[in-house]
There are 4 protein chains.
Amino acid sequence: MRDKTEQIIKAALDVFIKKGFQVATTQEIAKEAEVAEITLYRKFSTKQNLFITAVKTVIEKQFNSHVKKLAKAENTEEFLSGIIYNRLEVLSKNASLVKMLLSESLMGNLAEEINLSTLIFSSLKNGLDIHFDMLNKNVDTAFIARQLGGIFLSFIILPIEQPFHELDESGKEEVVKKYVKSLVIE
Amino acid sequence: MRDKTEQIIKAALDVFIKKGFQVATTQEIAKEAEVAEITLYRKFSTKQNLFITAVKTVIEKQFNSHVKKLAKAENTEEFLSGIIYNRLEVLSKNASLVKMLLSESLMGNLAEEINLSTLIFSSLKNGLDIHFDMLNKNVDTAFIARQLGGIFLSFIILPIEQPFHELDESGKEEVVKKYVKSLVIE
Amino acid sequence: MRDKTEQIIKAALDVFIKKGFQVATTQEIAKEAEVAEITLYRKFSTKQNLFITAVKTVIEKQFNSHVKKLAKAENTEEFLSGIIYNRLEVLSKNASLVKMLLSESLMGNLAEEINLSTLIFSSLKNGLDIHFDMLNKNVDTAFIARQLGGIFLSFIILPIEQPFHELDESGKEEVVKKYVKSLVIE
Amino acid sequence: MRDKTEQIIKAALDVFIKKGFQVATTQEIAKEAEVAEITLYRKFSTKQNLFITAVKTVIEKQFNSHVKKLAKAENTEEFLSGIIYNRLEVLSKNASLVKMLLSESLMGNLAEEINLSTLIFSSLKNGLDIHFDMLNKNVDTAFIARQLGGIFLSFIILPIEQPFHELDESGKEEVVKKYVKSLVIE
DNA sequence: CATGAATGAGCCTTCATTCAT
DNA sequence: AATGAATGAAGGCTCATTCAT
């Protein structure tokens with residue numbers, strides 16, 4: 001049955017997010033999944049692999065970036081608004097997971113394929129390159145990508161009154177507008 | 001002897017920075033400090049406490065913020081340049097430690113007193129409040145503090161070609177200028 | 001199908017010979033036999049039993065002793081040459097299996113029916129008794145059986161330049177002659 | 001205290017001899033040594049290493065070969081009697097250990113330094129070479145070493161009525177004499 | 001003040017075996 | 001007859017922490 005596999009992945013995410021990779025134990029995951037510990041191993045062979053599989057599942061489902069699609073907008077401001085809005089929404093909704101991944105990534109425990117900070121930065125840079133190439137504009141995209149990255153990180157890491165995705169629509173728009181204005185594009 | 005205590009703190013920092021709190025072992029620290037394991041406990045009673053003590057030592061020595069002093073500058077731009085320059089310099093120089101602390105902080109393993117992200121954010125907000133109060137200007141300091149925080153985080157977390165503190169003077173100034181310009185102060 | 005059963009026995013022998021009883025796993029055997037693990041159990045009910053069955057199959061096929069037939073030779077020297085030649089040939093050809101069985105036997109893990117050292121010793125003693133009874137000679141057959149056993153064991157266990165069965169005919173005969181000469185029959 | 005270390009080694013030998021390396025568990029050893037399991041690991045770092053250390057201890061104490069000393073005897077028969085007598089005595093006294101080592105060795109689980117069969121064979125060959133060199137006799141020492149090896153192995157492996165070391169002095173001498181006579185030295 | 005020696009608890013992983021299909 | 005999926009039990013190994021000296 002697909003069922004148990006999904007139970008395990010779900011439980012694994014729960015526990016990994018709550019405790020991080022090192023501190024989480026396969027025992028706890030198994031218990032939370034209501035499965036014998038060995039079943040984890042029959043299915044995922046190692047804790048490491050279970051972690052990667054579980055995380056990739058979410059990343060692919062949630063973070064599948066629309067940056068490239070947005071990049072085709074002719075209007076730069078619209079494009080940037082789109083990115084900021086969309087990314088803040090996704091990151092904000094998955095805050096716990098993101099924090100955990102960032103945490104592991106900062107200690108160098110993550111393979112490239114699930115290293116969020118790299119993923120985010122390069123997909124941003126990529127989208128920006130596409131956009132400004134299209135417009136034949138010569139812009140320091142690395143710098144803007146860094147600015148955008150900084151904005152996102154500040155929302156994840158710094159103390160915050162209300163998560164972005166819980167703001168009402170006008171609140172969100174106001175925030176986004178403010179940040180778009182701050183991006184330095186000469 | 002003051003000596004042993006310092007050896008231990010030094011070794012502890014080394015190991016904690018390299019591995020993070022959870023993964024670091026008192027065994028390794030003791031070995032690196034060339035001290036019996038129990039000596040750690042006689043002096044610091046617990047791993048947790050050794051960690052906090054060691055980290056505080058560095059934070060106090062290195063991060064002792066000049067924000068408040070800078071805040072008294074009459075010229076806002078000068079003030080902000082000062083902050084950015086100074087913080088990027090310090091963070092960049094202590095990148096490994098900062099990454100580790102951020103990592104632990106993201107998993108909620110850090111007491112308030114050494115929680116870097118909180119520390120940074122509030123000291124920034126604080127300085128900004130003082131400055132703009134002095135100028136009798138009504139400004140959304142939380143937003144600016146968040147912007148500044150984002151800038152700093154982007155330098156710590158995102159992939160970077162050359163650490164800030166290794167740039168030459170004109171390089172640093174250029175970066176700082178660009179970021180000051182990006183701060184949205186209506 | 002007879003087929004699967006044979007596949008399993010073959011694979012089991014392979015794995016048991018390579019790893020010994022304890023270290024071999026039913027998982028590996030099943031994999032090598034290209035069969036589901038449970039099929040082993042349906043057919044042989046336990047690992048132990050699979051082992052015994054597989055080993056017996058080979059022993060019966062390969063080791064079926066001609067000692068008794070040889071024992072009827074009138075000429076003692078010819079008889080002994082026959083035994084030595086034949087046993088060295090068989091043991092040498094099945095060296096891996098023999099080593100494994102001996103290994104298990106030494107730890108007392110083997111039932112009588114597949115305990116090689118006992119099997120060999122008693123069939124030797126038996127043949128010798130028959131032979132010397134026939135000749136009405138009173139000889140210490142236990143001692144000779146032990147001597148013969150020692151010869152065989154030395155070929156299996158001690159480091160050797162070339163296995164007996166790979167020698168050319170004259171080489172083999174020379175070896176056999178030497179050993180026959182060494183047997184103490186007063 | 002040297003005490004616990006010795007307790008552990010003793011218990012380890014007990015258990016390893018009774019069960020063999022693979023089947024023996026560190027848990028059982030620890031229990032038998034009345035020591036926490038981790039203490040084994042603090043002292044010997046790994047099961048493997050505990051095994052080697054324990055075995056070496058006995059081998060060095062018990063098997064320390066006098067072959068070389070005996071080799072200097074001018075009389076070949078005396079020399080061979082000496083070897084046979086001495087080795088049968090030692091092997092017989094340590095039968096359990098020897099069986100276990102042989103068992104492991106047959107499955108290729110033993111490092112050179114504790115591989116009994118190799119050890120015995122080469123020390124025999126060595127002694128024989130020294131002896132016959134001294135006498136300026138050209139003899140096939142490899143063959144004799146193999147014969148001797150066979151004798152010893154037959155005593156260890158084949159079923160036996162009374163262990164050599166439990167025979168009375170005249171019984172022992174008779175056995176030894178018979179075997180010496182069987183050695184083929186042209 | 002400093003330490004060598006010891007541990008209870010727990011982790012990741014594996015194995016022979018069984019059940020429902 | 002054959003199997004995919006699951007497990008209780010156990011194994012090697014490690015960790016933060018504590019006595020007795």
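Numbers restart at 1 for each chain; the letters A, B, ... are given by sequence-line order, proteins then strands.
Side-chain contact between A/Phe16 and A/Leu97 is absent, with no heavy atoms from C-beta onward closer than 4.5 Å. Between A/Leu91 and A/Phe63 the shortest side-chain heavy-atom distance falls below 4.5 Å.
Of the two residues contacting DNA chain E, namely A/Gln48 and C/Gln48, the nearest-nucleotide position lying further toward the 5' end is that of A/Gln48. Residue A/Val35 is the one, among A/Val35 and B/Thr46, whose nearest nucleotide of DNA chain F lies closer to the 5' end (criterion: closest heavy atom).
Between A/Thr57 and A/Ile9, the closest heavy-atom pair is OG1-CD1, 4.1 Å. Heavy atoms only, all atoms of each residue included: C/Lys19 and D/Met107 are closest at C-CE, 3.5 Å. Nearest heavy atom pair, residue D/Ile29 against residue D/Ala11, reads O-CB, 3.7 Å.
A distance of 5.5 Å separates CZ of D/Phe44 from CD1 of D/Ile8, quoted to the nearest 0.5 Å.
Taking atom NZ of residue A/Lys47 and atom P of nucleotide E/dT14, one finds them 14 Å apart after rounding to whole Å. E/dT14 atom P lies 12 Å from atom CG of A/Leu40, rounded to whole Å. If you take CZ of A/Phe44 and P of E/dC12, they are 15 Å apart, rounded to a whole angstrom. The nearest whole Å value for the distance from the CG atom in D/Leu50 to the P atom in F/dC13 is 10 Å.
A donor and an acceptor atom, one from each side chain of C/Ser117 and C/Asn115, are located under 3.5 Å apart.
Residues A/Glu6 and A/Lys43 are not paired through a salt bridge, judged by the lack of any N-O separation under 4.0 Å between the basic side chain and the carboxylate.
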For nucleotides 18-21 of chain F, print each protein N/O atom paired with a nucleotide N/O atom at under 3.5 Å, atom names and distance only.
none

Exercise for review: Go through D/Glu104 and C/Lys99 one step at a time and tell me if the salt bridge (charged side-chain N to carboxylate O under 4.0 Å, His left out) criterion holds.
Suggested key: CA-CA 10 Å; D/Glu104 296 291 340; C/Lys99 280 185 179 182; over 6 Å; no

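Residues from residues 15-34 of chain B lying near DNA chain F, meaning a heavy-atom separation below 4.0 Å, are B/Ala24, B/Thr25, B/Thr26, B/Gln27 in numerical order.
Of the side-chain N and O atoms in D/Lys43, one or more sit less than 4.0 angstrom from OP1 or OP2 of E/dA6. For the OP1/OP2 pair of F/dT3 and a distance below 4.0 Å, the side-chain nitrogens and oxygens of C/Thr39 include at least one atom meeting the criterion.
Look at E/dG4: its Watson-Crick or wobble partner, with both distances under 3.5 angstrom, is F/dC19.
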